[in-house]
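Report on one structure; see the data block that follows.
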Amino acid sequence: SESLLDYFAQVARRRYVCIEYGVESVNDSLRRIRRGHDVACAADAIRRTAARQIQVGVHFILGLPGDTRLIGCSRRRWVSDLPVNLLKLHQLQVIRDTPLAVEFRRNPSAVTLFSAEAYAAAVAEYLEHLSPHVVVERFTSQARSLGAGPALGVEERSVRQVVARPHARASCLAGPMLSVWSGGSG
């Protein structure tokens with residue numbers, strides 16, 4: 001609400017304030033996972049927050065049903081084109097007692113879960129196309145005690161190790177491909 005944003009803007013004059021939005025995706029999977037918002041609503045909230053000089057963070061889930069590589073590209077550009085200061089990524093997790101868990105139990109092949117290697121590769125590719133002005137605060141999370149799917153095997157340490165390998169490190173410096181998205185020359 002406007003009054004809450006105004007309040008946080010007052011606090012932000014004296015203290016560090018960052019409002020984080022659980023955007024999660026930029027496609028129709030938002031409806032499928034019942035987030036209660038769409039992409040336009042999220043973009044509007046981000047712009048209104050940043051206009052008040054409040055730091056903005058966003059969360060995205062990599063691997064949502066319906067996400068494709070093209071959607072991943074759209075998501076990176078979307079984040080880079082908005083006044084976003086920090087980003088938290090995490091892999092899709094099947095959480096007990098959710099519609100996705102029901103879908104997973106009925107048809108496990110309808111939900112693709114990342115291996116550690118595949119997720120690390122997705123993170124490295126994501127970072128390669130992200131604006132260098134966006135701080136990546138987190139790129140994994142775990143909800144093991146709540147999981148309804150198989151053990152994911154995706155832990156931050158293993159993802160960090162894969163992303164830090166020399167071949168990956170060269171390609172995941174944030175932003176080298178950004179000029180492709182923004183029409184710049186490098």
Side-chain angles (χ1 to χ4, degrees), residues 1-64 66-67 71-93 95 97-100 119 122-146 154-157 159-160 163 172-184:
S1 78
E2 296 303 313
S3 61
L4 280 175
L5 288 176
D6 290 341
Y7 167 76
F8 284 119
Q10 289 177 352
V11 173
R13 289 187 203 118
R14 299 182 311 277
R15 305 225 187 273
Y16 174 77
V17 174
C18 180
I19 297 179
E20 298 183 16
Y21 293 101
V23 179
E24 312 309 359
S25 185
V26 295
N27 73 7
D28 286 339
S29 64
L30 289 172
R31 187 175 12 258
R32 184 172 177 184
I33 63 171
R34 300 180 184 169
R35 287 299 298 170
H37 69 272
D38 61 18
V39 176
C41 176
D44 179 60
I46 290 166
R47 286 186 188 101
R48 288 186 297 118
T49 302
R52 288 173 169 83
Q53 306 305 308
I54 301 170
Q55 299 286 297
V56 177
V58 296
H59 297 224
F60 278 101
I61 300 171
L62 300 182
L64 283 169
D67 277 1
I71 287 169
C73 293
S74 297
R75 181 184 301 130
R76 290 186 295 266
R77 181 173 184 151
W78 190 88
V79 170
S80 296
D81 286 347
L82 285 168
V84 171
N85 305 100
L86 73 90
L87 173 68
K88 292 183 178 178
L89 299 173
H90 66 88
Q91 72 283 6
L92 177 65
Q93 299 175 70
I95 308 300
D97 299 325
T98 64
L100 186 61
Y119 184 70
V123 168
E125 183 179 3
Y126 196 100
L127 296 178
E128 182 178 341
H129 293 78
L130 186 65
S131 168
H133 302 290
V134 178
V135 173
V136 179
E137 188 172 288
R138 179 186 74 208
F139 47 77
T140 63
S141 71
Q142 291 293 338
R144 286 186 196 175
S145 63
L146 300 174
V154 176
E155 295 179 359
E156 186 170 358
R157 183 172 14 128
V159 173
R160 246 192 338 255
V163 170
C172 73
L173 296 172
M177 295 298 292
L178 184 62
S179 63
V180 172
W181 295 115
S182 62

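Everything numeric in this text was worked out from a predicted model, so none of it was measured. Each residue takes its place number in the sequence, starting with 1.
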So how far is it from [X] [atom1] to [Y] [atom2], rounded to the nearest 0.5 Å?
{"X": "Ser1", "Y": "Tyr7", "atom1": "OG", "atom2": "OH", "result": "12.5 Å"}
{"X": "Lys88", "Y": "Phe60", "atom1": "NZ", "atom2": "CZ", "result": "14.0 Å"}
{"X": "Gln93", "Y": "Ile61", "atom1": "CD", "atom2": "CD1", "result": "8.5 Å"}

Between Gln10 and Arg14, which heavy-atom pair has the shortest distance, and what is it? O-NH1, 3.1 Å
Using a 3.5 Å distance criterion without hydrogens, assess whether the side chain of [X] forms a donor-acceptor pair with backbone atoms of [Y].
{"X": "Ser131", "Y": "Ser80", "value": "no"}
{"X": "Asn85", "Y": "Val56", "value": "yes"}
{"X": "Tyr21", "Y": "Ala42", "value": "no"}

pair [X]-[Y]: side-chain heavy atoms closer than 4.5 Å:
{"X": "Ile54", "Y": "Cys18", "value": "no"}
{"X": "Asp6", "Y": "Arg52", "value": "yes"}
{"X": "Leu86", "Y": "Glu20", "value": "yes"}
{"X": "Leu89", "Y": "Tyr119", "value": "yes"}
{"X": "Leu5", "Y": "Ile19", "value": "yes"}
{"X": "Val135", "Y": "Leu87", "value": "no"}

Applying side-chain contact (heavy atoms from CB on, under 4.5 Å) to Glu137 and His59, what does each step give before you reach the verdict? CA-CA 10 Å; Glu137 188 172 288; His59 297 224; over 6 Å; no
Before giving the answer on side-chain contact (heavy atoms from CB on, under 4.5 Å), spell out for Arg13 and Val11 the whole-Å C-alpha distance, their side-chain angles and the decisive distance to 0.1 Å. CA-CA 5 Å; Arg13 289 187 203 118; Val11 173; over 6 Å; no
Would you please test Leu92 and Leu62 for side-chain contact (heavy atoms from CB on, under 4.5 Å) and show each step? CA-CA 6 Å; Leu92 177 65; Leu62 300 182; over 6 Å; no
With side-chain contact (heavy atoms from CB on, under 4.5 Å) as the criterion, how do Val58 and Val79 come out once you've worked through the C-alpha distance, each side chain's angles and the decisive distance to 0.1 Å? CA-CA 8 Å; Val58 296; Val79 170; 4.3 Å; yes
